[in-house]
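Along the sequence shown, residues are numbered consecutively beginning with 1.
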Amino acid sequence: MFDTPFIIPVVAIICWAVVSLARIKNGTDHRGWHSSPRNTHVPPMFEKMLEKAMEERDIEIQRLRERVEVLEKIVTDSHASVSLASEIDKLRDAK
């Protein structure tokens, strides 16, 4: 009925058409698997979760900044007091 050499290209074309229709139906770009989907809408529930996570991150960053400021004060104050104490001792020993 059909010659074998003609069946292979026909089957390949049919497969290509089916894949193309599936891509169109699912909303993917026609350029291939690496392209981004057309529907990029984020549901409101995920937006709220993202906003909450960002707020928690900002609060944590602020806490860490405050801790760093305290640590910087401790380091600079203790360094200055040790330096001052050693200078006072040197002056006492010099007399």
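Residues that satisfy the side chain to side chain contact (heavy atoms under 4.5 Å, CB included) test with Arg67, not counting sequence neighbours, are absent from this structure. Remark: Ile61 pairs with Arg57, Arg65 by the side chain to side chain contact (heavy atoms under 4.5 Å, CB included) rule, at least two apart or across chains. Taking the side chain to side chain contact (heavy atoms under 4.5 Å, CB included) definition, one finds that Glu66 meets it with Gln62, sequence neighbours left out. Here Val11 pairs with Ile7, Cys15 under the side chain to side chain contact (heavy atoms under 4.5 Å, CB included) rule; sequence neighbours left out. Applying the salt bridge (charged side-chain N to carboxylate O under 4.0 Å, His left out) rule to Glu47 yields no partners; only residues at least two apart in sequence or on another chain are considered.
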*side chain to side chain contact (heavy atoms under 4.5 Å, CB included) between Arg63 and Ile59, intermediate numbers included*: CA-CA 6 Å; Arg63 287 182 190 158; Ile59 291 169; 3.7 Å; yes

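Hydrophobic clustering, defined by side-chain heavy atoms of Ile, Leu, Val, Met, Phe, Trp and Tyr closer than 4.5 Å, groups Leu50 together with Met54.
Residue Val10 forms a side chain to side chain contact (heavy atoms under 4.5 Å, CB included) with just one option from Ile13, Ile14, Ile8, and that option is Ile14.
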